Structures are given as C-alpha cells and as structure tokens.
There are 2 protein chains.
Amino acid sequence: MTLTMTHLSPAAPSPGGHLLHPIVRKLSAFGRLSAEERAALAGLGTGAQRVEGRLDLLAEGAAPESAVLILEGVACRYRHRRSGARQITAYLVPGDLCDPDILHLDRLNHSVGTLGPCRVARVPREALASLNQQYPAVARALRLAKLAEEETTREWVMNVGCRSAIERVSHLLCELHERLRAVGWATKAGYDLALTQQDLADTTGLSNVHVNRVLRQLRLMRLVEMGGKRVDILNLPALQEIAEFQADYLRPAAG
Amino acid sequence: MTLTMTHLSPAAPSPGGHLLHPIVRKLSAFGRLSAEERAALAGLGTGAQRVEGRLDLLAEGAAPESAVLILEGVACRYRHRRSGARQITAYLVPGDLCDPDILHLDRLNHSVGTLGPCRVARVPREALASLNQQYPAVARALRLAKLAEEETTREWVMNVGCRSAIERVSHLLCELHERLRAVGWATKAGYDLALTQQDLADTTGLSNVHVNRVLRQLRLMRLVEMGGKRVDILNLPALQEIAEFQADYLRPAAG
DNA sequence: TATTTTTAGTATCATTTGTTATTAACAAAT
DNA sequence: ATTTGTTAATAACAAATGATACTAAAAATA
C-alpha cells in the first residue's frame, strides 16, 4: 500500500494541487466554474477505487456501462492487430473522462487499460446526463475538453504520419508533460510514469529496439532521462524544439 | 462545365442515389428519420455552391464562421509541418458535416480543402443549433456520426502506426470505397476520385515514390488500378484481407 | 534471500522506406 | 499547335528502422 502511494505521488506537485479534484482543475481551464459546479464535478469522484497497473478498465467488444474518470495515474486506449501488435491511440491522465459519448454504443472497438496503478471512478450515464443538464458551464467545458481530445488524436496522426523517430518520442514526452502539469502531476523537472519502452513503441509506431536507440540519444543530448518509473525532463525548450511541440491543441480557445 | 459534371458524376451510382441528399442518406444509417426530419436535413443543402479542386474551405488560424456540408466530391483536413510536409488527417465525403463542434473555437488549427471539384453548402451555427433542438432523432444521428468520425481518426492512428505500406494504402482505399458507397458515390467496381499519389503519400505517411511502388504492386496483384481520376477495385475481398479492413468503425452500433 | 519474470541495453544484420534524379505521360494554358 | 506545369514511372543509392539474439539489470514473486 505504502509502495503504491509512493508510485502515485509526484515528487513535488504544485502546491494544493491534490486538494482540487483533477477534473475540476482540468475543466476550469476551459471556463470559470461556480462553487456549486465545482462541487458537482468533484462529486463524480466519490466511490473511486484503486486499480493496479496493466489492467483493463473497459474491454473491446463489451458494451460500456459507465464512463471512467481518471483521478490518479495514467491509462490508455489501445487496440491489437491480428498479428498481436498493439497500437495505443490515446493516453488518459488525471481529470480525463473516458468516454462520455461512447456510452451510446453497443460495443466498444477498443480497450482502455491502466499503465501504472491508478485511482479511477465509474461515472454512470445518468450522473453525466444530469450534470450536463443542470450546469451549462460544465457542459460547455466538457465539450471543449472533448474538442481537445479530438485535436490530440489528430496530432497523433501527424506524429506517426510525418515525424521521425526522435521527433515522435520527444513529442509524446512533451505532450504528457504538458497534460500532467496541467493537473498538478508533473513539475518542470519531470513526472512519475510507469511507461515501458514497449509502451512507447506501441504509441509511436516504432519498434522497442528503436525506441531504446532514441532514448539513448535523448540521454546523450541531455534532454530527457527515463529510468524506472520516472521521466526526467532535463531541457524542456530543446525537447519541444525537436518535437515542434505547440501546446495549442491541448487547450482550444473558445469563441 | 460539362467536364466538371463528368468528373463529379460516378459511373453508375445506385439507382436514385442522387435524389436523396447525401446527409439524409448518411444519417439514416444511424436511425430512422421522419419525413419532416429528412426535409429539415435536406434544407441544409440549399445555397450549395460548386468549388473547384485544391481549394481551401476553412483555413488554419481563422475563426470558423459556419460548418461546411459536403454534397459532392471529396475534401480533406490537413496540416503542414514547418518543413512543408503535409499530413492529411481525415477525408470528407458527401454527407459529411465539417465541423459542427469546431464552431465553438476562436482559431482552427488545421485546414480543410477540396481534393477534386466539390459541391458544398455553408451551414450557419444557428441552423445547426435549431436543428439539434427541434429534432432529437437528428441530434442523435449527428452524435453517432461524430462518434464514427472519432473512431475513424483512431483507425488512422492504427493505420500509420502499425501497418506496412501496402496495408496502409489498401486500408485507405477500402475506407474510401465503403464511405463513398454508403452515399451512392461508388459502385462495387470502384469510384471517381482525383487523388494524386502525393495525396496518398500525405495521408499514409509514406513518400510519393513509395506509394507509387505500392500501387504498382497492387496493380500487378490485380487488386486495384488507379489511373487518372478513377479508382478501380478489381478484387475487393482480397484488398480488404490485405488491409485487415473491418468496416465496423464506420458505423457505430447504438445501444 | 533466492528465484523467476520483466524490462533495458546493445550488437549484427536484413528490410523497408526515403531521397534524388531523370524521363515519360498527361493535362492545362497560351 | 505549342508550351508549360503537373503527375506518374522508374532507377540507383542512402538512410532509417525492424528483426533477432543475447546479456545485464531491475522488479516482482516466492
């Protein structure tokens, strides 16, 4: 238990970061929320449970019964090819709600699983519906969050479609840094994350061996060090420069 | 003018296909619509205009003023890297509405442009809003269409992330075939589409030269022939087999 | 602590894919 | 009809990445 806690706690999150529910923190970035709205959102986190790493939260083929709210830790969407190859299509960080919309479906065609240990809450369809009805500001923020998610998927198409290996890996590490920082789970210096090189490979469309080569290069360039369950960012500007990382897509500006 | 018409008319679309507005046809696949609802949807197409090929409908950086409904022809979303490389992140076929949601934004971070000549209608924010309010069945169908679009983007991440060159190109051609067929713009035998090899390359994350190699191979295998502005599907089952193409993601099953 | 299992690191070699250049075919424009 | 630009086809070569195999290091488990 203590061990698990250690894994989950970032080295030094921004002060007060964990007092605020991550979804409140995330959605506040998309528009001011009243105290009542914040309370209602925070209520989604009641009944949260700890889940160990490498476990499925939603399984391909099943009919989703509830959305999943990530409170701590990182999960991902993924699918397997017949060959067994896995492709990760998204990461879910604290504050992310997965999947409000897919609740309309009979059958998921991808799975969602934890990477490291997580704390997650199941959010029933009805809770979401009433939240959307009662609090237009929350509904609006959720819509913008959704837009950000879509932009992110498109950014991933860019990433695997037209960036080199080192650019892809750098871009991914920048994105995770930015997203975790937004909810208090990363500092300027880096973040705790149980990502294996195989995970990175399955995300970036590279082989595990080549990811290893890229990481060695990033280490030698003194940009990033990934060891154990930790990502240390040594030179963020340079890393972002390599990746051509522009954080706009993570925070769509509302009109 | 006659020439343009020729380019736009498919060889032999399914009978009556063009009498129905493509968006009605498309959304009907997601749920039964009343005559009134169909009429309201068809109304979105009034004021449609012809647009030539290789023209932007929405430009990166601009604030979108209206959504765009594609009635004929094919358009795409794309972005450029600093290097000039272009990545296409989605295709838009007749019946596709682009982008209802992005209307909330100040600033697009991708462009939308036509590939060949198109017929498109601008759909003002208000028209969409009232449609959604008045006709819940339409709103539901639009939601499902949106889900299909999201699944499609994820499928593209799979495509560029973990498929070989020939698999990627095959998958793309299968997807276009399926989507165009759903709205009457492709037959079993193929479809008219002004796609250059460079377009294919920008979509699949390959070089134009390699796309040419792949197309030659597909031609020699007697699976596909792409010439001029035409895609001829010679052996659909074999093509789908190569691509591991499963059309489910294009039509999410509602619960 | 000992012992499996997983993950990381590295080397070697094979393969795929990209780059550049050149020509031919085609389409558009004058 | 000529010219100009675009697209397609191909070759020759270079570079990036993948596959396999093996060892070392960590982590998880007993």
Side-chain angles (χ1 to χ4, degrees), chain A residues 1-4 6-7 52-55 81 83-87 115-117 159-170 192-220 224-232 242, chain B residues 1-4 6-7 52-55 81 83-87 115-117 159-170 192-220 224-232 242:
Chain A
M1 184 59 182
T2 325
L3 235 176
T4 307
T6 318
H7 284 158
E52 55 184 326
R54 313 276 143 187
L55 219 68
R81 289 193 56 183
S83 69
R86 177 179 65 154
Q87 178 67 46
L115 286 167
N159 212 33
V160 285
C162 65
R163 286 199 256 258
S164 70
I166 193 174
E167 289 168 342
R168 289 183 212 180
V169 172
S170 301
D192 287 326
L193 181 52
L195 261 191
T196 67
Q197 297 185 355
Q198 187 61 55
D199 292 331
L200 276 180
D202 294 345
T203 308
T204 54
L206 301 166
S207 67
N208 55 352
V209 175
H210 204 63
V211 165
N212 186 287
R213 289 196 266 252
V214 165
L215 290 180
R216 177 178 35 161
Q217 194 179 347
L218 288 173
R219 201 185 316 131
L220 290 176
V224 177
E225 266 171 26
M226 282 190 66
K229 302 178 170 14
R230 173 87 192 154
V231 177
D232 283 303
I242 281 191
Chain B
M1 185 55 183
T2 325
L3 233 177
T4 307
T6 317
H7 284 159
E52 55 184 326
R54 315 275 142 187
L55 219 69
R81 290 192 57 181
S83 69
R86 176 180 66 154
Q87 178 67 46
L115 287 167
N159 212 33
V160 285
C162 65
R163 285 199 256 258
S164 69
I166 192 172
E167 291 168 341
R168 289 183 211 180
V169 173
S170 301
D192 287 328
L193 181 52
L195 261 191
T196 68
Q197 296 184 355
Q198 187 62 55
D199 292 330
L200 276 180
D202 293 345
T203 308
T204 54
L206 300 167
S207 67
N208 54 351
V209 175
H210 204 63
V211 164
N212 185 287
R213 288 196 267 251
V214 165
L215 289 179
R216 178 180 32 163
Q217 194 179 347
L218 288 173
R219 200 186 317 130
L220 291 176
V224 177
E225 266 172 26
M226 282 190 67
K229 300 176 173 19
R230 172 88 193 153
V231 177
D232 284 302
I242 281 190

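Chain identifiers are assigned alphabetically (A, B, ...) following the order of the sequence lines, protein sequences preceding nucleic acid strands; residue numbering begins at 1 within each chain. Note that the structure is predicted; figures quoted are calculated from it, not measured.
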Legend entry - Watson-Crick or G-U stems involving DNA chain C, each at least 3 pairs long, distances under 3.5 Å, ordered by first number: C:1-30 with D:1-30

Inset, instruction - Compare the minimum distances between each of dA28(D), dA9(D), dT10(C) and the side chain of Arg219(A), then state the nucleotide with the smallest one. - result: dT10(C)

Inset, instruction - Give a yes or no answer on whether the side chain of Arg168(A) reaches the backbone of Arg163(A) with a donor-acceptor pair at less than 3.5 Å. - result: yes

Inset, instruction - Would you check if the side chain of Glu225(A) reaches a backbone N or O of Val231(A) as a donor-acceptor pair within less than 3.5 Å? - result: no

Pairs: protein N or O with nucleotides 24-26 of chain D N or O, under 3.5 Å:
none

Legend entry - Protein-to-nucleotide contact annotation, 5' to 3' order, nucleotides 11-19 of chain C [B base; S sugar-phosphate only; - none; under 4.0 Å, heavy atom]: BB----BBB

Legend entry - Close side-chain approach of Arg54(A) to Thr196(A), heavy-atom, < 4.5 Å: yes

Legend entry - Side-chain donor-acceptor pair present, Asn208(B), Gln198(B), cut-off under 3.5 Å: yes

Inset, instruction - Could you tell me whether Arg54(B) contacts a base, only the sugar-phosphate backbone, or nothing, with contacts defined as non-hydrogen atoms closer than 4.0 Å? - result: nothing

Legend entry - Protein-nucleotide distance (Met226(B), atom CE; dA8(D), atom P), rounded to Å: 7 Å

Legend entry - Integer-rounded Å distance: dA28(D) P and Glu52(A) CD: 11 Å

Inset, instruction - Return no unless some side-chain N or O of Asn212(A) is found under 4.0 Å from OP1 or OP2 of dG9(C). - result: yes

Inset, instruction - May I ask you to verify if any side-chain N or O of Gln198(A) is less than 4.0 angstrom from the OP1 or OP2 atom of dT7(C)? - result: no

Inset, instruction - Considering non-hydrogen atoms only, spot the tightest contact between Cys162(A) and Arg81(B) and give its length. - result: O-NH1, 2.6 Å

Inset, instruction - Pick out which of Thr203(A), Asp199(A), Thr204(A), Asp202(A) makes a side chain to side chain contact (heavy atoms under 4.5 Å, CB included) with Val211(A). - result: Thr204(A)

Inset, instruction - In sequence, state the C-alpha distance, the side-chain angles, and the governing distance for Leu200(A) and Leu215(A), and then conclude on side-chain contact (heavy atoms from CB on, under 4.5 Å). - result: CA-CA 10 Å; Leu200(A) 276 180; Leu215(A) 290 180; 4.1 Å; yes

Inset, instruction - Measure the CE-CG distance between Met226(A) and Asp232(A) for me, rounded to the nearest 0.5 Å. - result: 10.0 Å

